[in-house]
Visitor: 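Please find one structure pasted underneath; my questions will follow.
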Amino acid sequence: MDWPTVIVAAIVGGIFVAIVVTQIRNRMNGKSSCSCGGNCGTCGGCPHSNQ
């Protein structure tokens, strides 16, 4: 593999890891990715709206 390919692959991999880590931290802190403003009972679009 050429060096430019390795560098681009490392950058893309780093971005992917950063996104996954951010999602895990948000989930552990109780932050949701829902757009219902925290009132998921009325949203219906959230996976946990059945609770």
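None of these values were measured; they are calculated from a predicted model.
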Visitor: Using the rule that Ile, Leu, Val, Met, Phe, Trp and Tyr join whenever any side-chain heavy atoms are under 4.5 Å apart, tell me whether Val8 and Phe16 fall into a single cluster.
Guide: no

Visitor: Should Ile19 and Ile11 be regarded as members of a common hydrophobic cluster, given that ILVMFWY residues are connected when their side-chain heavy atoms come within less than 4.5 Å of each other, either directly or indirectly?
Guide: yes

Visitor: For the atom pair CZ (Arg27) and CD1 (Ile24), what is the distance rounded to the nearest 0.5 Å?
Guide: 9.0 Å

